Student: 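One structure follows; several queries about it will come next.
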Amino acid sequence: MVAMQVSGLSVPEINAALETSWLGQQVVYHSCVGSTNDEAKGLAEVGAPEGTLVIADYQTAGRGRLDRLWWSPPGSGLLLSLIFRPTFLMPQQAQRVAMVCSLAVCDAVAEVTGLAPAIKWPNDVLIEGRKVGGLLTELGIAASRLDHVVVGIGVNVNVEFEGSGAPALMTSATSLKAELGSEVSRLMLLAALLRCVEARYERLRAGVLPHDEWQSRLVTLGQAVRVTMPGRVLAGRAVGVDADGALLVRRSDGETERVLAGDVTLRSEG
Ligand code: BTN
(Lines give C-alpha, C1' and ligand atoms only; values in the text may rest on other atoms or scores of the structure.)
Protein backbone atom coordinates (compact mmCIF):
# COMPACT_ATOMS: atom_id res chain seq x y z
CA MET A 1 0.00 0.00 0.00
CA VAL A 2 1.29 3.48 -0.89
CA ALA A 3 1.17 5.96 1.98
CA MET A 4 -0.67 9.09 0.92
CA GLN A 5 0.24 12.51 2.25
CA VAL A 6 -3.06 14.27 2.88
CA SER A 7 -3.10 17.93 3.64
CA GLY A 8 -6.25 18.54 5.66
CA LEU A 9 -8.14 21.74 6.25
CA SER A 10 -8.38 23.20 9.76
CA VAL A 11 -10.72 25.56 11.59
CA PRO A 12 -8.07 28.28 12.14
CA GLU A 13 -7.12 28.38 8.47
CA ILE A 14 -10.77 28.37 7.40
CA ASN A 15 -11.51 31.22 9.81
CA ALA A 16 -8.56 33.19 8.51
CA ALA A 17 -9.57 32.68 4.87
CA LEU A 18 -13.24 33.65 5.25
CA GLU A 19 -14.40 36.78 3.43
CA THR A 20 -18.01 36.68 4.66
CA SER A 21 -19.92 38.48 7.35
CA TRP A 22 -22.17 35.60 8.50
CA LEU A 23 -21.84 32.58 6.23
CA GLY A 24 -19.34 30.08 7.61
CA GLN A 25 -18.65 32.10 10.72
CA GLN A 26 -19.72 29.00 12.67
CA VAL A 27 -17.54 26.16 11.38
CA VAL A 28 -17.84 22.49 12.22
CA TYR A 29 -14.84 20.68 10.75
CA HIS A 30 -14.28 16.91 10.57
CA SER A 31 -11.24 15.21 9.14
CA CYS A 32 -13.57 12.24 8.58
CA VAL A 33 -17.33 12.03 8.90
CA GLY A 34 -20.19 9.94 7.50
CA SER A 35 -21.89 12.71 5.54
CA THR A 36 -21.67 16.46 6.14
CA ASN A 37 -25.35 16.69 5.15
CA ASP A 38 -26.33 14.27 7.90
CA GLU A 39 -24.27 16.25 10.39
CA ALA A 40 -25.74 19.57 9.24
CA LYS A 41 -29.32 18.25 9.37
CA GLY A 42 -28.76 17.05 12.92
CA LEU A 43 -27.31 20.42 13.93
CA ALA A 44 -30.11 22.35 12.18
CA GLU A 45 -32.70 20.30 14.05
CA VAL A 46 -31.20 21.33 17.40
CA GLY A 47 -31.07 25.03 16.50
CA ALA A 48 -27.71 25.68 14.81
CA PRO A 49 -27.73 29.21 13.41
CA GLU A 50 -28.16 30.20 9.81
CA GLY A 51 -24.81 30.20 8.06
CA THR A 52 -23.34 27.21 9.91
CA LEU A 53 -20.74 25.46 7.76
CA VAL A 54 -20.09 21.74 8.18
CA ILE A 55 -17.00 20.69 6.24
CA ALA A 56 -14.95 17.52 6.00
CA ASP A 57 -11.79 16.24 4.38
CA TYR A 58 -13.33 12.82 3.90
CA GLN A 59 -16.79 11.26 4.04
CA THR A 60 -17.38 7.56 4.60
CA ALA A 61 -21.03 7.83 3.50
CA GLY A 62 -21.13 10.86 1.20
CA ARG A 63 -24.51 11.02 -0.51
CA GLY A 64 -25.70 12.37 -3.84
CA ARG A 65 -29.19 12.84 -5.19
CA LEU A 66 -31.36 9.80 -5.87
CA ASP A 67 -29.55 7.73 -3.22
CA ARG A 68 -26.29 7.78 -5.12
CA LEU A 69 -22.99 7.91 -3.34
CA TRP A 70 -20.56 10.80 -3.51
CA TRP A 71 -17.02 9.50 -3.67
CA SER A 72 -14.01 11.67 -2.96
CA PRO A 73 -10.63 10.45 -1.66
CA PRO A 74 -9.30 12.08 1.55
CA GLY A 75 -8.23 15.70 1.21
CA SER A 76 -9.01 16.03 -2.48
CA GLY A 77 -12.51 17.48 -2.71
CA LEU A 78 -14.54 20.29 -1.25
CA LEU A 79 -17.15 18.51 0.86
CA LEU A 80 -19.43 20.81 2.79
CA SER A 81 -22.95 21.54 3.90
CA LEU A 82 -24.50 24.92 4.69
CA ILE A 83 -27.44 25.59 6.97
CA PHE A 84 -29.92 28.25 5.85
CA ARG A 85 -33.07 29.44 7.59
CA PRO A 86 -34.91 31.18 4.75
CA THR A 87 -38.05 32.16 6.64
CA PHE A 88 -38.87 34.47 3.70
CA LEU A 89 -39.53 31.44 1.47
CA MET A 90 -42.32 28.90 1.37
CA PRO A 91 -41.32 25.20 1.32
CA GLN A 92 -42.06 24.90 -2.41
CA GLN A 93 -39.64 27.80 -3.05
CA ALA A 94 -36.71 26.19 -1.23
CA GLN A 95 -35.05 25.16 -4.48
CA ARG A 96 -34.25 28.87 -4.94
CA VAL A 97 -31.58 28.49 -2.26
CA ALA A 98 -30.00 25.64 -4.21
CA MET A 99 -30.13 27.73 -7.40
CA VAL A 100 -28.25 30.50 -5.62
CA CYS A 101 -25.67 27.97 -4.41
CA SER A 102 -25.09 26.32 -7.80
CA LEU A 103 -24.62 29.73 -9.40
CA ALA A 104 -22.14 30.55 -6.64
CA VAL A 105 -20.22 27.33 -7.31
CA CYS A 106 -19.95 28.45 -10.95
CA ASP A 107 -18.82 31.94 -9.89
CA ALA A 108 -16.18 30.59 -7.53
CA VAL A 109 -14.82 27.97 -9.94
CA ALA A 110 -14.59 30.57 -12.71
CA GLU A 111 -12.90 33.08 -10.40
CA VAL A 112 -10.32 30.68 -8.97
CA THR A 113 -9.55 28.60 -12.08
CA GLY A 114 -10.62 30.63 -15.12
CA LEU A 115 -12.67 27.61 -16.27
CA ALA A 116 -16.23 28.10 -17.57
CA PRO A 117 -18.68 25.91 -15.62
CA ALA A 118 -22.28 25.28 -16.65
CA ILE A 119 -25.24 23.77 -14.80
CA LYS A 120 -27.11 20.63 -15.74
CA TRP A 121 -30.60 20.45 -14.25
CA PRO A 122 -31.18 20.36 -11.40
CA ASN A 123 -27.85 21.34 -9.92
CA ASP A 124 -24.93 19.43 -11.41
CA VAL A 125 -21.95 21.62 -12.19
CA LEU A 126 -20.21 20.66 -15.42
CA ILE A 127 -17.04 21.60 -17.20
CA GLU A 128 -16.96 20.76 -20.89
CA GLY A 129 -19.91 18.43 -20.35
CA ARG A 130 -18.35 16.46 -17.48
CA LYS A 131 -19.53 16.64 -13.89
CA VAL A 132 -17.21 18.46 -11.51
CA GLY A 133 -19.64 19.21 -8.70
CA GLY A 134 -23.07 18.49 -7.34
CA LEU A 135 -25.54 19.78 -4.77
CA LEU A 136 -27.80 17.86 -2.41
CA THR A 137 -30.60 19.95 -0.89
CA GLU A 138 -32.58 18.74 2.12
CA LEU A 139 -35.43 20.58 3.82
CA GLY A 140 -36.59 20.80 7.40
CA ILE A 141 -40.28 21.70 7.60
CA ALA A 142 -42.12 22.46 10.82
CA ALA A 143 -45.83 23.30 11.00
CA SER A 144 -45.92 23.59 7.17
CA ARG A 145 -43.19 26.22 7.24
CA LEU A 146 -39.59 26.08 6.12
CA ASP A 147 -37.50 25.71 9.26
CA HIS A 148 -34.19 25.12 7.52
CA VAL A 149 -32.55 24.18 4.24
CA VAL A 150 -29.32 22.21 4.19
CA VAL A 151 -27.39 22.55 0.94
CA GLY A 152 -24.60 19.99 0.56
CA ILE A 153 -21.96 20.86 -1.99
CA GLY A 154 -19.34 18.53 -3.38
CA VAL A 155 -16.67 19.74 -5.78
CA ASN A 156 -14.01 17.48 -7.28
CA VAL A 157 -11.07 19.78 -6.74
CA ASN A 158 -7.89 17.69 -6.84
CA VAL A 159 -9.58 14.31 -7.30
CA GLU A 160 -7.77 11.89 -9.57
CA PHE A 161 -10.08 9.41 -11.22
CA GLU A 162 -7.74 7.35 -13.35
CA GLY A 163 -6.58 4.19 -11.63
CA SER A 164 -8.10 5.42 -8.37
CA GLY A 165 -10.76 2.79 -7.82
CA ALA A 166 -13.51 5.36 -8.33
CA PRO A 167 -16.97 3.78 -8.52
CA ALA A 168 -18.29 3.27 -12.06
CA LEU A 169 -20.88 6.00 -11.52
CA MET A 170 -18.14 8.60 -11.22
CA THR A 171 -15.84 7.53 -14.03
CA SER A 172 -17.35 10.08 -16.41
CA ALA A 173 -16.71 12.85 -13.88
CA THR A 174 -13.86 15.31 -13.96
CA SER A 175 -11.99 17.47 -11.46
CA LEU A 176 -10.57 20.97 -11.50
CA LYS A 177 -7.09 19.48 -11.33
CA ALA A 178 -7.79 17.21 -14.31
CA GLU A 179 -9.08 20.16 -16.33
CA LEU A 180 -6.27 22.55 -15.41
CA GLY A 181 -3.37 20.11 -15.15
CA SER A 182 -2.41 21.55 -11.77
CA GLU A 183 -3.65 21.51 -8.18
CA VAL A 184 -6.21 24.05 -6.98
CA SER A 185 -6.28 25.43 -3.44
CA ARG A 186 -9.37 24.07 -1.70
CA LEU A 187 -9.14 26.88 0.83
CA MET A 188 -9.11 29.57 -1.84
CA LEU A 189 -12.06 27.93 -3.57
CA LEU A 190 -13.94 27.64 -0.27
CA ALA A 191 -13.39 31.34 0.53
CA ALA A 192 -14.60 32.40 -2.93
CA LEU A 193 -17.56 30.03 -2.78
CA LEU A 194 -18.80 31.26 0.59
CA ARG A 195 -18.39 34.91 -0.45
CA CYS A 196 -20.41 34.26 -3.63
CA VAL A 197 -23.12 32.26 -1.82
CA GLU A 198 -23.51 34.96 0.81
CA ALA A 199 -23.81 37.76 -1.77
CA ARG A 200 -26.31 35.82 -3.87
CA TYR A 201 -28.35 34.70 -0.83
CA GLU A 202 -28.58 38.34 0.34
CA ARG A 203 -29.98 39.27 -3.08
CA LEU A 204 -32.50 36.42 -2.82
CA ARG A 205 -33.52 37.68 0.62
CA ALA A 206 -34.01 41.14 -0.91
CA GLY A 207 -36.42 39.63 -3.46
CA VAL A 208 -34.15 39.19 -6.50
CA LEU A 209 -34.90 35.85 -8.15
CA PRO A 210 -31.96 33.78 -9.47
CA HIS A 211 -34.16 32.21 -12.14
CA ASP A 212 -33.06 34.15 -15.27
CA GLU A 213 -29.37 33.80 -14.61
CA TRP A 214 -29.71 30.18 -13.57
CA GLN A 215 -31.70 29.39 -16.70
CA SER A 216 -29.05 31.04 -18.88
CA ARG A 217 -26.41 28.74 -17.32
CA LEU A 218 -28.40 25.54 -17.90
CA VAL A 219 -26.97 23.26 -20.57
CA THR A 220 -30.21 21.29 -20.40
CA LEU A 221 -32.42 23.86 -22.12
CA GLY A 222 -33.40 23.33 -25.73
CA GLN A 223 -32.10 19.77 -25.55
CA ALA A 224 -33.91 16.53 -26.19
CA VAL A 225 -34.03 14.90 -22.76
CA ARG A 226 -35.02 11.69 -21.06
CA VAL A 227 -36.12 12.19 -17.46
CA THR A 228 -36.12 9.11 -15.26
CA MET A 229 -38.59 9.48 -12.41
CA PRO A 230 -39.90 6.94 -9.91
CA GLY A 231 -41.94 4.50 -11.97
CA ARG A 232 -41.64 6.13 -15.38
CA VAL A 233 -39.47 7.80 -17.98
CA LEU A 234 -40.45 11.04 -19.68
CA ALA A 235 -39.00 11.90 -23.09
CA GLY A 236 -39.28 15.34 -24.64
CA ARG A 237 -37.54 18.64 -25.10
CA ALA A 238 -36.48 20.80 -22.14
CA VAL A 239 -38.08 24.14 -22.93
CA GLY A 240 -37.59 26.10 -19.72
CA VAL A 241 -37.55 26.20 -15.95
CA ASP A 242 -39.94 28.02 -13.66
CA ALA A 243 -39.14 30.38 -10.79
CA ASP A 244 -38.85 27.46 -8.37
CA GLY A 245 -36.47 25.50 -10.53
CA ALA A 246 -38.89 22.93 -11.97
CA LEU A 247 -37.92 21.72 -15.44
CA LEU A 248 -40.52 22.22 -18.16
CA VAL A 249 -40.45 19.35 -20.65
CA ARG A 250 -42.50 19.46 -23.86
CA ARG A 251 -43.61 16.00 -24.96
CA SER A 252 -44.01 14.97 -28.60
CA ASP A 253 -47.82 15.33 -28.21
CA GLY A 254 -47.29 19.04 -27.50
CA GLU A 255 -48.14 18.88 -23.76
CA THR A 256 -45.66 20.42 -21.32
CA GLU A 257 -44.88 18.64 -18.04
CA ARG A 258 -43.40 20.27 -14.94
CA VAL A 259 -40.68 18.07 -13.44
CA LEU A 260 -39.62 18.62 -9.84
CA ALA A 261 -37.22 15.72 -9.37
CA GLY A 262 -35.64 13.14 -11.59
CA ASP A 263 -32.52 12.11 -13.40
CA VAL A 264 -32.03 13.86 -16.71
CA THR A 265 -30.10 12.37 -19.60
CA LEU A 266 -29.45 14.67 -22.51
CA ARG A 267 -30.38 12.50 -25.47
CA SER A 268 -27.25 13.73 -27.26
CA GLU A 269 -25.33 11.90 -24.49
CA GLY A 270 -26.77 8.63 -25.81
C1 BTN B 1 -25.25 15.02 -6.53
O2 BTN B 1 -24.59 15.41 -7.49
O3 BTN B 1 -26.02 14.05 -6.62
C4 BTN B 1 -25.12 15.75 -5.23
C5 BTN B 1 -23.79 15.51 -4.59
C6 BTN B 1 -23.64 16.21 -3.27
C7 BTN B 1 -22.38 15.78 -2.54
C8 BTN B 1 -22.13 16.59 -1.32
S9 BTN B 1 -20.54 16.29 -0.64
C10 BTN B 1 -20.95 17.20 0.77
C11 BTN B 1 -22.40 16.88 1.11
N12 BTN B 1 -22.47 15.71 1.97
C13 BTN B 1 -23.05 14.68 1.34
O14 BTN B 1 -23.22 13.55 1.84
N15 BTN B 1 -23.41 15.03 0.12
C16 BTN B 1 -23.10 16.41 -0.16
Side-chain angles (χ1 to χ4, degrees), residues 64-66 82 84 86 88-111 113-139 146 149 151-155 173-174 192-229 233-252 254-269:
R65 289 189 322 114
L66 309 170
L82 297 168
F84 297 94
F88 55 93
L89 295 178
M90 292 183 290
Q92 63 270 29
Q93 298 172 325
Q95 185 61 20
R96 295 179 187 184
V97 180
M99 292 157 91
V100 154
C101 290
S102 58
L103 282 168
V105 173
C106 293
D107 297 339
V109 167
E111 178 184 316
T113 66
L115 295 167
I119 300 170
K120 180 180 167 197
W121 189 90
N123 276 305
D124 287 353
V125 179
L126 309 184
I127 293 179
E128 303 289 344
R130 300 177 79 187
K131 183 160 170 172
V132 76
L135 278 76
L136 178 66
T137 309
E138 297 183 286
L139 314 186
L146 204 47
V149 177
V151 181
I153 302 177
V155 182
T174 190
L193 173 61
L194 296 185
R195 170 172 28 83
C196 296
V197 172
E198 184 177 281
R200 286 185 175 276
Y201 186 80
E202 289 297 352
R203 291 211 287 278
L204 179 67
R205 199 203 300 273
V208 180
L209 291 184
H211 165 264
D212 283 346
E213 203 181 343
W214 191 69
Q215 178 159 260
S216 70
R217 287 262 191 181
L218 275 185
V219 290
T220 320
L221 292 196
Q223 304 265 355
V225 293
R226 191 177 298 110
V227 188
T228 307
M229 296 178 275
V233 176
L234 166 68
R237 187 162 297 275
V239 291
V241 286
D242 69 15
D244 295 320
L247 186 67
L248 306 175
V249 177
R250 186 173 307 134
R251 302 191 311 233
S252 55
E255 289 294 307
T256 300
E257 282 197 42
R258 183 171 183 267
V259 179
L260 283 167
D263 192 31
V264 170
T265 312
L266 306 181
R267 284 199 266 162
S268 57
E269 291 174 347

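Here the structure is a predicted model, which is why all the values come from computation and not from measurement.
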Student: Please determine whether side chain to side chain contact (heavy atoms under 4.5 Å, CB included) holds for the pair V197 and V105, giving the CA-CA distance in whole Å, both sets of side-chain angles, and the decisive distance to 0.1 Å.
Tutor: CA-CA 8 Å; V197 172; V105 173; over 6 Å; no
Student: Which heavy atom of R237 sits nearest to which heavy atom of G222, and what is that distance?
Tutor: NH1-O, 2.6 Å
Student: Hey, is the main chain of V264 close enough, under 3.5 Å, to the side chain of K120 for a donor-acceptor pair?
Tutor: yes
Student: Within this structure, what is the CG-CG distance for the pair L209 and D242, rounded to the nearest 0.5 Å?
Tutor: 10.5 Å
Student: Taking the side chain as everything from C-beta on, heavy atoms only, tell me whether C106 gets closer than 4.5 Å to V125.
Tutor: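 Yes, side chains in contact.
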Student: On a heavy-atom basis, which atom in L204 and which in P210 lie closest, and how many Å separate them?
Tutor: CD1-CD, 3.8 Å
Student: Rounded at 0.5 Å granularity, tell me how far CD1 in I127 sits from CG in L115.
Tutor: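 Here the rounded value is 4.5 Å.
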Student: More than 12 heavy atoms of other residues, nucleotides or ligands under 6.0 Å from CZ of R251: yes or no?
Tutor: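 Atom CZ in R251 is crowded, with more than 12 foreign heavy atoms closer than 6.0 Å.
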Student: How far apart are the closest heavy atoms of S102 and I119, and which atoms are they?
Tutor: OG-CD1, 3.7 Å
Student: Rounded to the nearest 0.5 Å, what's the gap from CZ on R226 to CG on L234? Could you check?
Tutor: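 It comes to 11.0 Å.
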Student: Mind checking ring-ring contact (aromatic ring centres under 6.0 Å, His included) for Y201 and listing every partner two or more places apart, or none if nothing turns up?
Tutor: W22, F84, F88
Student: Distance check, rounded to the nearest 0.5 Å: E257 atom CD versus M229 atom CE?
Tutor: 5.5 Å
Student: Tell me, please, which residues at least two apart from R205 pass salt bridge (Lys or Arg N to Asp or Glu O under 4.0 Å).
Tutor: E50, E202
Student: Please table the atom pairs, donor to acceptor, closer than 3.5 Å between any side-chain atom in residues 89-97 and protein atoms at least two apart or in another chain.
Tutor:
from, atom 1, to, atom 2, distance (Å)
Q93, OE1, M90, N, 2.8
R96, NE, D244, OD1, 2.7
R96, NH2, D244, OD1, 2.8

Student: Write down the atom of P86, the atom of L146, and the distance for their closest heavy-atom approach.
Tutor: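 The pair with the smallest heavy-atom distance is CG-CD2, 3.8 Å.
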Student: Any idea which heavy atoms bring E213 and S216 closest together, and the distance?
Tutor: O-OG, 2.7 Å
Student: Could you grab the distance from atom CE of M99 to atom CG of L135, nearest 0.5 Å is fine?
Tutor: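 Result: 12.0 Å between the selected atoms.
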Student: Under 4.5 Å between any side-chain heavy atoms of T228 and L66, yes or no?
Tutor: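 No, their side chains stay 4.5 Å or more apart.
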Student: Just how far is it from atom CH2 of W214 to atom CG of L221, taken to the nearest 0.5 Å?
Tutor: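 The CH2 atom of W214 sits 8.5 Å away from the CG atom of L221.
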Student: Under the side chain to side chain contact (heavy atoms under 4.5 Å, CB included) test, which residues partner E128, sequence neighbours left out?
Tutor: E179
Student: Taking the side chain as every heavy atom from C-beta outward, state whether V225 and W121 have any pair of such atoms under 4.5 Å apart.
Tutor: no
Student: Can you list the residues that meet the side-chain hydrogen bond (donor to acceptor under 3.5 Å, both in side chains) rule with D263, with sequence neighbours excluded?
Tutor: R68
Student: Between C101 and I153, which heavy-atom pair has the shortest distance, and what is it?
Tutor: CB-CD1, 4.3 Å
Student: Looking at L248, is its backbone amide N or carbonyl O close enough to the side chain of R258 to form a donor-acceptor pair, meaning the two atoms are under 3.5 Å apart?
Tutor: no
Student: Identify, with sequence neighbours excluded, every residue that meets salt bridge (Lys or Arg N to Asp or Glu O under 4.0 Å) alongside E138.
Tutor: K41, R63
